[in-house]
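Worksheet: the structure to be examined is printed underneath.
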Amino acid sequence: MTIGSTVFGYPRIGPKRELKRAVEQYWTGKIDEAALRETAKQLRAQTWAELSELDSVPSNTFSFYDQVLDTTQLFGAIPQRFRDLGLSELDTYFAAARGRDGAAALELTKWFDTNYHYLVPELGPDTEFRLAGDKPIAEYREALERGFTTRPVLLGPVTFLLLAKSTVPGFDPLTLLDRLLEAYVELLGRLRVEGVEWVQIDEPAFAADRTAAELNALRRTYRTLSGLPGRPKLLVTGYYGDLGEALPILAASQVEAIGIDLVSAPDTSVAIPALRDKILVAGLVDGRNVWRTDLHTALAKAATLLGFASEVVVSSSSTLLHVPYDLEAEDLEPDVQARLAFARQKVREIVVLGKALREGADGAWADEAKRQVPSPRRDDHVRARIASLRPEHSLRAPYEERAAAQQARLGLPPLATTTIGSFPQTGDIRRARAAVRNGEITEDEYGQRMRDEIGRVIDLQEDIGLDVLVHGEPERNDMVQYFAEHLEGFASTEFAWVQSYGSRCVRPPIIHGDVSRPKPMTVPWSTYAQSLTAKPVKGMLTGPVTILAWSFVRDDQPLADTAAQVALALRDEIRDLEAAGIRVVQVDEPALRELLPLRRKDQPAYLEWSVGAFRLATAGATTGTQIHTHLCYSEFGEVIGAISDLDADVTTIEAARSKMEILEGLEFPRGIGPGVYDIHSPLVPGEDEIVALITEAVRAVPGERLWINPDCGLKTRGYAEVEPALRNLVAATRRMRSSLG
């Protein structure tokens with residue numbers, strides 16, 4: 001096969017989130033398994049048809065929930081607690097993702113430096129791998145029946161093991177490599193029997209720093225797999241960054257093609273060894289952002305690579321899973337829309353680039369390449385504010401002084417209880433939002449419905465007995481999009497959904513120009529909620545780093561510059577919340593770890609500007625205002641120093657699924673709230689279960705600095721789960737207060 005143009009992967013939720021709706025209907029019993037599988041089959045067929053212009057079309061990029069979970073199931077590594085439930089294969093799969101009947105779900109964490117989340121495999125010394133399913137084979141057959149010859153995509157064995165979690169302290173899952181390779185060898189053999197010519201194996205773990213042992217595992221893996229007689233040809237990819245030392249290892253193997261990311265690591269080409277017997281699949285079209293490709297620059301880059309390899313193929317820089325489906329579905333301002341390309345448009349760019357590289361420029365190239373791209377919008381006032389900043393703008397009083405002032409003002413008990421911010425987004429809330437958007441109700445009517453909902457949420461929290469309350473955020477469709485709709489320099493979309501995990505989809509806004517705040521964004525909602533109770537109500541903001549991480553960010557200036565612009569807008573909002581009488585303000589930064597560069601050499605610069613942006617946003621607060629922040633589902637240990645440097649008075653983090661592992665050896669000098677309720681599972685934690693988690697927490701954190709809270713916001717859960725869970729949380733906390741005296 002000659003790979004003239006291809007992509008490493010494609011969105012799978014459906015242009016109108018068809019998979020999300022079908023999966024959720026299946027979970028609630030509204031459709032059966034046959035109907036769910038039929039929806040999936042239609043979506044796969046649609047994807048292959050959309051990609052048919054490419055010279056090579058990938059398959060096995062579909063998933064009902066997560067590609068890592070698919071791999072876990074494919075090789076028979078679903079933990080026994082889920083198999084013991086006696087469910088069907090599909091329901092066992094979903095039980096591992098969501099938890100069921102007392103079996104806690106697999107941990108959920110971020111997929112490298114993206115906003116996608118994967119389910120962490122649990123492996124131990126007794127783990128046995130076997131080829132337990134045939135998903136890659138079945139989807140290849142399915143495509144062939146529809147007339148599409150595809151290239152099955154597999155998660156690489158070394159990356160799979162590096163992403164896994166040990167079930168036994170001190171055990172390294174990488175020691176299972178030989179067992180796992182036996183299953184991969186069997187799978188490749190079966191694919192070859194099916195007539196598969198090419199197989200793609202993804203090893204994105206090697207875009208990060210790796211030890212000598214890990215690099216040796218890669219060497220052994222591809223010496224073994226590429227040395228198999230009668231196997232399919234192999235394309236090994238390593239997107240999300242520079243393959244570094246892994247590249248010459250792959251080059252020395254007998255794999256036929258290597259895929260590299262030339263967007264995240266544009267200088268990789270200078271380090272590419274002579275690949276004269278390889279096909280180089282060059283990721284020249286950005287798979288993670290929505291800006292149009294500069295086709296002239298991309299073609300020139302591709303041309304410089306021709307001397308390195310037997311053939312150069314144009315591709316996306318990564319899977320297109322991270323971008324929306326189709327720009328044509330949107331109605332944005334013309335000067336913004338002209339700068340954008342979503343998945344379908346990126347496929348077209350790749351086709352045109354591949355053809356131009358192979359055959360020279362033609363009419364299609366001219367049509368694509370001649371389009372004028374408008375420049376980003378400037379705001380001279382914002383730029384002047386940035387230029388006037390001094391170090392003292394990012395400093396607050398010492399924590400001890402702040403803590404004393406805040407306790408005198410708030411009077412909170414030890415083991416103070418709170419939630420992270422959002423409460424369930426009910427059908428009534430969503431219908432009201434749709435009604436005002438469609439002109440069926442007025443803005444005033446919508447506002448009253450939201451105030452009524454806030455009142456219900458405040459009353460419920462008072463009744464449950466929480467110490468610091470929230471207004472529940474009924475007016476917010478998304479924690480980033482809401483702010484994008486109230487800030488200049490952002491564009492919001494209507495249909496540009498991207499999968500975050502499972503059936504959870506988000507619509508990242510687009511930062512296309514300088515950012516500023518025309519007027520207060522949250523003050524009316526927060527002050528209304530505070531007027532209903534004597535207890536403190538948190539003002540709720542999303543931090544500058546998270547706003548960037550969960551948006552598509554302009555690529556014409558450093559991220560640090562854009563972050564500072566957002567930080568100033570939030571600084572102004574905090575000032576207005578304080579003036580309105582709000583005593584606690586939470587500035588969420590769940591994505592702080594997410595944007596951390598994969599290579600250690602690049603991390604200090606990122607941490608400097610990301611921490612600086614948070615402190616710029618919050619340092620204007622007075623000593624008596626308590627600043628909270630929230631982080632979730634990340635490897636916190638890698639950035640614990642940066643989390644401390646944020647200088648928040650209280651930091652809440654995910655800890656329930658990992659059973660407080662994050663607190664082992666943790667020395668944190670300020671307030672901390674390790675989550676005791678896993679909101680990503682429908683299971684309601686019992687009072688004793690929460691007591692056990694708090695017991696673990698108080699061994700590491702003094703009671704006066706320990707907060708009790710859920711892992712994350714509650715918007716994706718229902719009140720039938722949330723209310724008993726929060727009542728158990730408060731009851732468990734009261735028991736612990738009594739036992740601690």
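The structure displayed is predicted, hence computed values, not measured ones.
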Answer yes or no: is there a side-chain heavy-atom contact under 4.5 Å between Arg717 and Val722? yes

List the atom of Gly156, the atom of Tyr184, and the distance in Å for their closest heavy-atom pair. C-OH, 3.6 Å

Going by the angle between their ring planes, with limits at 30° and 60°, are Tyr240 and Phe112 parallel, tilted or perpendicular? tilted

Taking the inter-plane angle between the rings of Trp111 and Tyr116 on a 0 to 90° scale, is it parallel (under 30°), tilted (30 to 60°) or perpendicular (over 60°)? perpendicular

Keeping Lys346 on the side-chain end and Gly287 on the backbone end, is there a donor-acceptor pair under 3.5 Å? no

On a heavy-atom basis, the closest approach of Val199 and Leu154 is CG1-CD1, 3.9 Å

Count the heavy atoms of every other residue, nucleotide or ligand shown that sit under 6.0 Å from CD of Glu89, and state whether that count exceeds 12. no

Is Val281 close to Thr237 at the side-chain level, that is, under 4.5 Å between some pair of heavy atoms? no

Please step through side chain to side chain contact (heavy atoms under 4.5 Å, CB included) for the pair Phe129 and Leu181, ending with a clear verdict. CA-CA 9 Å; Phe129 295 110; Leu181 281 179; over 6 Å; no

Let me confirm one number: the CG-CZ distance from Leu320 to Phe8, rounded to the nearest 0.5 Å. 10.0 Å

Whether Asp202 side chain and Leu155 backbone form a donor-acceptor pair below 3.5 Å: no

Donor-acceptor pair, distance only, cut-off 3.5 Å: does the side chain of Thr6 make one with the backbone of Ser56? yes

Test applied, side chain to side chain contact (heavy atoms under 4.5 Å, CB included); reference residue, Arg288; option that passes from Asn115, Asp261, Val263, Asp113: Asp113

Within the side chain of Glu333, is there an N or O that forms a donor-acceptor pair under 3.5 Å with the backbone of Ala491? no

At what distance, to the nearest 0.5 angstrom, does OH of Tyr446 lie from CD1 of Ile441? 8.0 Å

Is the ring pair Tyr501/His117 parallel, tilted or perpendicular, if the boundaries are 30 and 60 degrees? perpendicular

Which of these, Gln25, Arg21, Glu24, sits in a side chain to side chain contact (heavy atoms under 4.5 Å, CB included) with Ile31? Gln25

Determine whether a donor-acceptor pair (N or O, by modelled atom type, separation under 3.5 Å) exists between the side chain of Trp291 and the backbone of Val553. yes

Using only atom types and a distance under 3.5 Å, with no angle test, would you say the side chain of Glu721 pairs donor to acceptor with the backbone of Val684? no

Where is the tightest heavy-atom contact between Ser316 and Ile350, given as atom of each residue plus distance? N-CD1, 3.4 Å

Taking the six-membered ring for Trp, are Tyr719 and Phe423 parallel (under 30°), tilted (30 to 60°) or perpendicular (over 60°)? tilted

Intermediate values then yes/no, salt bridge (charged side-chain N to carboxylate O under 4.0 Å, His left out), Arg81 and Glu122: CA-CA 11 Å; Arg81 67 181 180 278; Glu122 296 177 1; 2.8 Å; yes

Where the side chain of Arg179 meets the backbone of Thr127, is there a donor-acceptor pair that is under 3.5 Å apart? yes

Please state whether the rings of Phe94 and Tyr65 are parallel, tilted or perpendicular, taking 30° and 60° as the class boundaries. perpendicular

I'd like to know if the side chain of Asp588 pairs up with that of Thr542 as donor and acceptor (distance under 3.5 Å, no hydrogens or angles considered). no

Which is it for Leu321 and Gln499 under the side chain to side chain contact (heavy atoms under 4.5 Å, CB included) test, yes or no, and what are the steps along the way? CA-CA 7 Å; Leu321 176 71; Gln499 184 180 24; 3.7 Å; yes

Do the side-chain N and O atoms of Tyr26 and Ser503 include a donor-acceptor pair separated by under 3.5 angstrom? no

Separation between CG (Leu177) and CG (Leu162), nearest 0.5 Å, reads 9.5 Å

Side chains of Glu473 and Tyr482 only: does a donor on one sit below 3.5 Å from an acceptor on the other? no

Determine, step by step, whether Leu187 and Ile137 satisfy the side chain to side chain contact (heavy atoms under 4.5 Å, CB included) criterion, reporting the C-alpha distance in whole Å, the side-chain angles of both residues, the deciding distance to 0.1 Å, and the verdict. CA-CA 9 Å; Leu187 176 57; Ile137 300 165; 4.1 Å; yes

How long is the span from the OH atom in Tyr118 to the CG atom in Asp70, to the nearest 0.5 Å? 14.5 Å

Spatial distance of atom CZ (Arg231) from atom CZ (Arg192) [nearest 0.5 Å]: 9.5 Å

Indicate the atoms forming the closest heavy-atom contact of Leu332 with Ser492, along with that distance. CD2-O, 3.5 Å

Should the pair Glu142-Arg44 be classified as a salt bridge under the 4.0 Å nitrogen-to-oxygen rule? yes

Just so I know, are the side chains of Val480 and Ser551 near enough to count as touching, which here means a heavy-atom distance under 4.5 Å? yes

With a 4.5 Å limit on heavy-atom distance, are the side chains of Leu108 and Asp66 in contact? no

Take Val436 and Arg449 through the test side chain to side chain contact (heavy atoms under 4.5 Å, CB included) and record every step on the way to the result. CA-CA 11 Å; Val436 72; Arg449 293 189 191 184; over 6 Å; no

Is there a side-chain contact between Leu598 and Pro204 (heavy atoms, below 4.5 Å)? no

Below 4.5 Å, heavy atoms only, C-beta onward: do Arg476 and Phe483 meet side chain to side chain? yes

Any donor-acceptor pair under 3.5 Å linking the side chain of Ser317 with the backbone of Leu284? no

Any sub-3.5 Å donor-acceptor pair from Ser166's side-chain atoms to Gly124's backbone N or O? no

How close do Arg292 and Leu340 get, counting heavy atoms only, and between which atoms? CG-O, 3.1 Å

Mind checking whether Leu87 and Tyr93 have side chains closer than 4.5 Å, heavy atoms only? no

In sequence, state the C-alpha distance, the side-chain angles, and the governing distance for Lys135 and Glu139, and then conclude on salt bridge (charged side-chain N to carboxylate O under 4.0 Å, His left out). CA-CA 6 Å; Lys135 181 177 181 291; Glu139 291 188 16; 3.1 Å; yes

Do Glu349 and Gln345 have side-chain atoms, one donor and one acceptor, less than 3.5 Å apart? no

Consider only side-chain N and O atoms of Glu50 and Tyr10, and report whether a donor and an acceptor are under 3.5 Å apart. yes

Does Arg146 make a cation-pi contact with Trp48 (under 6.0 Å, within 45 degrees of the axis)? no

To the nearest 0.5 Å, atom CZ of Arg431 lies from atom CG of Asn438 at 13.5 Å

Between the side chains of Gln42 and Glu38, is a donor N or O closer than 3.5 angstrom to an acceptor N or O? yes

Looking only at heavy atoms, the pair that brings Ala183 and Phe75 closest together is CB-CD2, 3.4 Å

Going by distance alone, is a donor N or O of one side chain under 3.5 Å from an acceptor N or O of the other, for Trp198 and Glu256? no

With heavy-atom distances below 4.5 Å as the criterion, would you say the side chains of Leu225 and Ile201 are in contact? yes

Would you say Arg507's side chain and Gln481's backbone share a donor-acceptor pair under 3.5 angstrom? no

